Amino acid sequence: MIAWMLYALMVGLVLAVAAFMVERAAKDRGASTRWPWLASLLGSLVMPVIIAFASIRLPGSAADGRASAPLLLSDATSIRTPLTQLHLDHSPVYGLSISADQVAVDLWMAASACMALMLVLGVFWVARRRRGWRDGTLHGERVCITPDTGPAVIGLLRPQIVVPEWLLTMSKAQQAYALAHECSHREARDPLLIAFALGLLTLMPWNVALWWQFHRLRRAIEIDCDARVLQDGGDVSAYCETLLHVGQQKSRHIPLLPAMSDSASFLELRMRQMLRKPRRGVRESAAVLICLSIGMAVFAAQITPPDVHRAGNLNRYIGFYQVSPVSLVEVTQADGALSVRITGQMAAPKPFRLVGAGHDQFTVQGNDALAVRFVMDGSGYAVRLVATQGGRIILDRPRIDDVTAHRINEALAARIKAQKPFPGSEKALRLLLSDPDSGAGMSPELAFERQQQKAARESYLARIGAVQSFTFTGVNEFGADTYRVVRTNGDETIMLVVDADGTLANAVRYSPMASPPDT
């Protein structure tokens with residue numbers, strides 16, 4: 001969850017840049033500036049959730065009659081970040097028995113609850129203060145007259161204009177401009193817009209990108225309101241003078257509500273916006289800014305979310321993958337993660353867990369150098385399992401059905417019960433004992449490992465001495481033929497697997513007298 005929260009923050013920052021570009025273009029064209037910021041707020045909240053968790057089911061079905069597997073939207077992303085490798089699901093918090101992700105979720109819920117409570121208390125605070133205000137009329141408009149609060153607009157369903165006592169002492173023209181400003185807020189339903197934006201913030205209160213977008217939205221609402229007042233025939237100089245006069249008054253503000261007065265720096269920015277003259281090339285620059293904004297939005301949508309492989313979508317990898325006539329890979333799902341068990345393989349005696357790395361790719365938990373990739377068919381189901389170590393393919397096997405997997409398990413059990421060697425087992429053993437430099441008669445994987453361990457193998461053989469005799473001792477629990485080899489300086493145990501065509505597929509040797517290489 002922590003990795004996803006960082007991903008959501010990154011998306012929010014990118015969308016904020018996109019909204020800023022659209023706002024600049026809107027200012028140059030004299031258009032409304034609030035909508036880009038509202039869109040970025042919605043996008044920053046919705047986009048990370050949809051891309052990371054949503055999926056669509058394509059029409060059609062697989063060749064075996066199954067319905068098409070759902071296609072994760074995260075699979076359509078192409079911009080990977082270090083966050084895709086960040087896995088904190090089971091990271092413990094020091095001194096606690098719970099994970100860091102669980103702490104993050106608990107803090108998130110607590111912050112949302114506190115913010116919702118503060119908003120509810122704010123509504124009751126305004127309602128309580130409203131009882132002490134008197135109703136009046138100003139320039140034909142019904143208003144609430146307060147000792148020192150306003151000018152502002154309160155209420156969502158039935159918004160009311162609130163003006164302070166000192167506004168009544170201003171000139172008629174200044175009163176008219178102040179009233180026109182608040183009427184514009186009311187008619188544009190700005191209190192409702194701010195309440196909606198606050199509701200979005202309550203859902204993700206830790207996201208600083210959303211708070212900055214909300215800050216820009218509030219400023220855009222005031223700038224749009226100024227523009228509407230002037231478009232209705234207001235005089236720029238007189239209106240700016242009114243803003244200055246209202247800003248100089250010591251008035252109590254109602255937090256988060258649309259209000260005419262604001263900080264001195266923002267008042268200056270608003271007046272500069274109203275006094276700026278049209279410049280040449282506005283249309284061209286606006287087009288460039290909008291194109292850049294669209295590019296930033298596409299960039300945000302292409303960022304790959306971390307840990308997108310949820311339990312419900314892991315089913316497309318679950319199944320069996322054949323390694324040999326007596327060995328297979330079984331992929332299962334438990335606790336929202338994939339678990340892999342390999343039967344009939346001495347190199348993997350225990351199951352291991354996979355950690356999502358994006359786009360049908362996983363790493364083995366505790367060994368990032370060992371990776372597993374699934375090859376998918378057109379319906380979204382895995383058809384091959386490819387394992388790599390250090391970038392080199394060490395296993396590439398096809399998916400098989402349950403019936404074939406059952407036969408392989410039965411064949412392994414029958415080999416162990418019969419305790420008979422593979423056909424060509426003794427020939428394969430003699431090939432191994434001759435220690436050839438070439439890999440003829442061996443699988444490519446075994447030949448490669450022998451070449452990598454050549455120096456260590458030759459040193460081991462020199463220590464243990466020449467072969468005196470060998471004896472077949474049985475079939476071990478992995479289905480491998482086991483031999484006891486007597487050498488000049490000690491005995492060794494060799495376990496080997498032979499393919500149906502007589503190829504030596506795998507070999508492991510052990511000696512208590514020396515430390516042998518794996519093959």
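Just so we're clear, the structure is a prediction, and the values are computed from it rather than from any experiment.
Remark: W212 engages W37 in a ring-ring contact (aromatic ring centres under 6.0 Å, His included) (not counting sequence neighbours). With sequence neighbours excluded, no residue forms a salt bridge (charged side-chain N to carboxylate O under 4.0 Å, His left out) with R24. R341 is linked by a salt bridge (charged side-chain N to carboxylate O under 4.0 Å, His left out) to E330, counting only residues two or more places apart in sequence or in another chain. When the salt bridge (charged side-chain N to carboxylate O under 4.0 Å, His left out) test is applied to R272, the partners found at least two apart in sequence or on another chain are E268.
Not a single donor-acceptor pair under 3.5 Å links the side chain of W108 to the backbone N or O of P205. Between the side chain of R399 and the backbone N or O of A382 there is at least one donor-acceptor pair closer than 3.5 Å. With hydrogens and angles disregarded, no donor-acceptor distance shorter than 3.5 Å links the side chain of S44 to the backbone of L41. Looking only at distances, no side-chain donor or acceptor of E182 sits under 3.5 Å from a matching main-chain atom of V162. A donor-acceptor pair under 3.5 Å is formed between the side chain of S112 and the backbone N or O of T202. Looking only at distances, a side-chain donor or acceptor of T343 sits under 3.5 Å from a matching main-chain atom of L328. In this structure, D224 contributes its side chain and S32 its backbone to no donor-acceptor pair below 3.5 Å. In this structure a side-chain-to-backbone donor-acceptor pair under 3.5 Å is missing from E165 to I145.
Atom OG1 of T388 sits about 7.0 Å away from atom CD1 of I394, to the nearest 0.5 Å. With values rounded to the nearest 0.5 angstrom, F214 atom CZ is found 6.5 Å from L217 atom CG. Rounded to the nearest 0.5 angstrom, M296 CE and L15 CG are separated by 8.5 Å. Between the CE atom of M271 and the CD atom of Q273 there is a distance of 12.5 Å, given to the nearest 0.5 Å. Separating the CG atom in N207 from the CD atom in Q213 is a distance of 7.5 Å, to the nearest 0.5 Å. Distance check, rounded to the nearest 0.5 Å: CG of L156 to CZ of F196 gives 13.0 Å.
Among the candidates K27, R270, R219, the single residue satisfying the salt bridge (charged side-chain N to carboxylate O under 4.0 Å, His left out) test with D226 is R270.
The two atoms that bring V49 and L45 nearest to each other are CG2-O, 3.5 Å, heavy atoms only. Of all the heavy atoms in V22 and S293, the pair that sits closest is CG2-OG, 2.9 Å. Residue A297 comes nearest to M47 through the heavy atom pair O-CE, 4.5 Å, listed as atom of the first residue, atom of the second, then distance. In this structure, V375 and V386 approach most closely via the heavy-atom pair CG2-CG2, 4.1 Å. P48 and W4 make their closest contact through O-NE1, 3.3 Å (heavy atoms, listed as atom of the first residue, atom of the second, distance). Of all heavy-atom pairs spanning H185 and P191, the tightest one is O-CD, 3.8 Å.
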Go through the steps to decide whether V331 and S339 satisfy the test side-chain contact (heavy atoms from CB on, under 4.5 Å), and finish with yes or no. CA-CA 6 Å; V331 180; S339 178; over 6 Å; no

Walk me through whether T149 and R129 qualify under side-chain contact (heavy atoms from CB on, under 4.5 Å). CA-CA 10 Å; T149 302; R129 289 187 61 85; 3.6 Å; yes

For the pair W211 and M204, evaluate side-chain contact (heavy atoms from CB on, under 4.5 Å) and give the outcome as yes or no after the intermediate values. CA-CA 10 Å; W211 282 101; M204 203 177 284; over 6 Å; no

Show your reasoning for whether side-chain contact (heavy atoms from CB on, under 4.5 Å) applies to H181 and E222. CA-CA 9 Å; H181 183 93; E222 294 300 328; 3.0 Å; yes

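Under the 4.0 Å criterion applied to side-chain N and carboxylate O atoms, R392 and E445 are not assigned as salt-bridge partners. Using a cutoff of 4.0 Å between basic side-chain nitrogens and carboxylate oxygens, R186 and E141 are scored as salt-bridged. Of the charged side-chain nitrogens involved, at least one lies within less than 4.0 Å of a carboxylate oxygen, so that D28 and R276 count as a salt-bridged pair.
The shortest distance between side-chain heavy atoms of F20 and P36 does not fall below 4.5 Å. Residues M118 and L121 have side chains not in contact (no heavy-atom distance under 4.5 Å, counting atoms from C-beta outward). Counting only heavy atoms from C-beta outward, the side chains of F374 and L338 approach each other to under 4.5 Å. Looking only at side-chain heavy atoms (C-beta outward), I154 and W133 come within less than 4.5 Å of each other. The shortest distance between side-chain heavy atoms of I223 and L269 falls below 4.5 Å. Using a 4.5 Å cut-off on side-chain heavy atoms (C-beta onward), T404 and D401 make contact. Side-chain atoms of L107 and W206, non-hydrogen and from C-beta on, never get closer than 4.5 Å to each other. The shortest side-chain heavy-atom distance between D148 and P164 does not fall under the 4.5 Å cut-off.
Within 6.0 Å of CZ in R384 there are more than 12 heavy atoms belonging to other residues, nucleotides or ligands. Summarising the local packing, CZ of R142 is surrounded by 12 or fewer heavy atoms from other residues, nucleotides or ligands at distances under 6.0 Å.
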Donor-acceptor pairs under 3.5 angstrom involving side-chain atoms of residues 227-238: please list them, not counting sequence neighbours.
unit_1: R228; atom_1: NE; unit_2: S184; atom_2: OG; d: 2.6
unit_1: R228; atom_1: NH2; unit_2: S184; atom_2: O; d: 3.4
unit_1: R228; atom_1: NH2; unit_2: S184; atom_2: OG; d: 3.1
unit_1: D235; atom_1: OD2; unit_2: S237; atom_2: N; d: 3.3
unit_1: D235; atom_1: OD2; unit_2: A238; atom_2: N; d: 2.9

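Legend: side chain to side chain donor-acceptor pair (under 3.5 Å) pairs involving residues 153-164, not counting sequence neighbours, sorted by first then second residue: R130-Q160.
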